[in-house]
Amino acid sequence: MGQREYEVIIGMEVHAQLLTRSKMFCGCSADYVDAPPNTHVCPVCMALPGALPVINRAAVEATIRVGLALNCEIAPFSVFARKNYFYPDLPKGYQISQYELPLTYNGWVEIEGNDGQPKRVRIRRAHLEEDTGKLVHVNGYSLVDLNRAGVPLLEIVSEADMRSAEEAHRYLLKLRTILRYLGVSTADMEKGAMRCEANLSVRPRGQQTLGTKVEIKNLNSFKAVRDAITYEVKRQIAILEQGGTVEQVTLGWDEHAGRTFVQRTKEEAHDYRYFPEPDLLPLEISREWVESLRATLPELPDAKIQRFMQTYGLSRKEADIIAVEREVAEWYETAVAAYPHPREVYHWLTGEIFRYLNEANIPITAMKVTPDALAELLRLVEDGTINRNTAKSVLQEMLATGQRPRTIVDAKGLAQVSDEAALRAVVDEIIAAHPDEVRRYREGKKGLFGWFMGQVMRATRGKANPATVKKLLSERLEGDG
Amino acid sequence: MALSREDVEHVAWLARLALTEEEIERFREHLSAILEYARMLEEVDISDVSPTATVLPMRNVMRDDEVRPSLPRDVVLANAPDTYEGYFRVQAVLDTEDEEG
Ligand SMILES: [Zn+2]
């Protein structure tokens, strides 16, 4: 890039929809995704005069649980506030949010830093608010669907502790993993259940004062987060290199063009006139309530990774791969319990099985192979009933049909041939049929050994016990024939 | 304390009110008078009073997470000036400020 080295300073604001049955302040269903427009709407979420909101306890509890998982303090006293602005997707003319007294604050999550070492990203606050409606733009009009208006939304604000697009990306992944472990959100960015904004500034390394901060909104995928930040860092460094100044603006990200664009300049910046929500009473959160919620927390990703490293001898990277989804971690542990060879199970799970899940694009919970069935398959390999190559094709069959490995091996006659007499006959046949290769092998072309192995395996349709074949071939080829 | 003309214009913009020149001046005077009146509160000694968001003594009024029937859609849309296939229809808005959250 330029002569100078630059430092990037990134903070993130993440919104995640909470998986409650009903909305934040009314009894309308929060499951809006497939609902016809404006069918989950009532006087409260439509903001008709006289309608009174009532706080959904489950949303408060989910927020406290997230706060605990993010190592936050839980407010003993918390208040909702009105954030006033006009937009067609906001029926009340204000959003009920939290301002001065959020439910949780001062936490941190651990991510892998740029230097490969663990680093903490501080969480400034995680508070509760409500989602807006949805707009569809058609034929010069905007169409408003209020089904999403009032769905509980958790806002998680980090401190500006990230120093690269990769760190920002890892932070987001970590948040998603934690939210999913807790079961409080699908955290699915592609479906809008998790949304993200980044604020970032760039300054020459060593400079004390911060550079001008820009905000990038509507980052709707993990890829968008990384690409938009990378683009914006380059853009700002180029400006600074030419002696220019970065403008304080709010940017959008154009995924197709692969560039940011200005949405709002500083002059138009919002003035929300927050004030305490007069329709809602404050929350007093007792120690007992917090502790009873703490007791519901599952083992969280960091703890699980540590335990997997210690108990199963996995590296941090390996443990991380397994622990990134709670369901995968549970599947792995169940399989290891049934077949206590952690590395072997890891190998098959992250190899054949992950490849299948990726190709089929299904979660592990929708897979037909149970941990117990994999254990059975691996025992068939261990006791020599089938060889590893056969096991791979049996596993494919299991993934496709859900049949037990034993059933497949029996039905297809795949059991390994270890019988020496039977295999010796095959080996002799191969050797008799290929005198040229035998001569060249004996003249020193030892690489042909693998070719002979292949011939025998083909002749036995892959069922020959490789160790036995190897032994027999060695005897014949090294001997005088 | 007297409000400036810019103060009035800003507040009017926040409320999406279009004021005439004459109204800007009139409301500048009215609003200044209201603020002046409210200033009397500054004379009260509140050194022993902590800030509060409510004067009601109740706390933790919450409901269980249960789904209740919503309104029929024709009722939801009954007062709308314009609708289209079950949606409220409004003038096109640019997507620049969507997803406020
Ligand atoms: Zn409602």
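Owing to the predicted nature of the structure, the values given are computational and were not obtained by experimental measurement. In what follows, chains are A, B, ... by sequence order, proteins preceding strands, each numbered from 1.
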Quiz item: How would you list all residue pairs meeting side chain to side chain donor-acceptor pair (under 3.5 Å) that involve residues 72-83 of chain B, not counting sequence neighbours?
Solution: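 Only Asp82(B)-Arg89(B) qualify under side chain to side chain donor-acceptor pair (under 3.5 Å).
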Student check: side-chain heavy atoms of [X] and [Y] closer than 4.5 Å:
X: Phe88(B); Y: Leu146(A); value: yes
X: Leu143(A); Y: Glu85(B); value: no
X: Ser70(B); Y: Thr39(A); value: no

Tell me whether [X] at atom [atom1] has more than 12 heavy atoms from other residues, nucleotides or ligands lying less than 6.0 Å away.
X: Arg26(B); atom1: CZ; result: yes
X: Glu100(A); atom1: CD; result: no
X: Ile46(B); atom1: CD1; result: no
X: Gln91(B); atom1: CD; result: no
X: Tyr274(A); atom1: OH; result: yes

Practice problem: With sequence neighbours excluded, tell me which residues meet salt bridge (charged side-chain N to carboxylate O under 4.0 Å, His left out) with Asp64(B). | Solution: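 Result, salt bridge (charged side-chain N to carboxylate O under 4.0 Å, His left out) vs Asp64(B): Arg57(A).
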Check whether [X] gets within reach of chain B through its side chain, its backbone, both or neither, counting any heavy atom under 4.5 Å.
X: Pro37(A); result: both
X: Pro278(A); result: neither
X: Pro88(A); result: side chain
X: Cys45(A); result: neither
X: Val41(A); result: both
X: Val60(A); result: side chain

Quiz item: If only atom types and distance count, is the side chain of Asn38(A) paired as donor or acceptor with the main-chain N or O of Gly86(B) below 3.5 Å?
Solution: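 Side chain of Asn38(A) to backbone of Gly86(B): a pair is present.
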Exercise. Determine yes or no for a side-chain-to-main-chain donor-acceptor pair under 3.5 angstrom, with Ser142(A) supplying the side chain and Val93(B) the backbone.
Key: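 Yes; at least one donor-acceptor contact below 3.5 Å.
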Identify the heavy atoms of [X] and [Y] that sit nearest to each other, and give their distance.
X: Met62(B); Y: Val54(A); value: C-CG1, 4.0 Å
X: Gly140(A); Y: Ala92(B); value: O-CB, 3.2 Å
X: Val67(B); Y: Cys28(A); value: CG1-C, 4.5 Å
X: Phe77(A); Y: Arg59(B); value: CE1-NE, 3.5 Å

Return the [atom1] to [atom2] distance between [X] and [Y], rounded to the nearest 0.5 Å.
X: Arg63(B); Y: Ile55(A); atom1: CZ; atom2: CD1; result: 10.0 Å
X: Leu14(B); Y: Asp271(A); atom1: CG; atom2: CG; result: 5.0 Å
X: Thr54(B); Y: Leu280(A); atom1: OG1; atom2: CG; result: 10.0 Å
X: Asp65(B); Y: Ser22(A); atom1: CG; atom2: OG; result: 4.0 Å

Quiz prompt | Largest heavy-atom contact set with chain B, pairs under 4.5 Å, which of Glu277(A), Lys134(A), His40(A) | solution =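 Max contact count across the listed options: His40(A).
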Quiz item: Out of Gly252(A), Ser29(A), Gly192(A), which one racks up the most heavy-atom pairs below 4.5 Å with chain B?
Solution: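 Option with the top pair count is Ser29(A).
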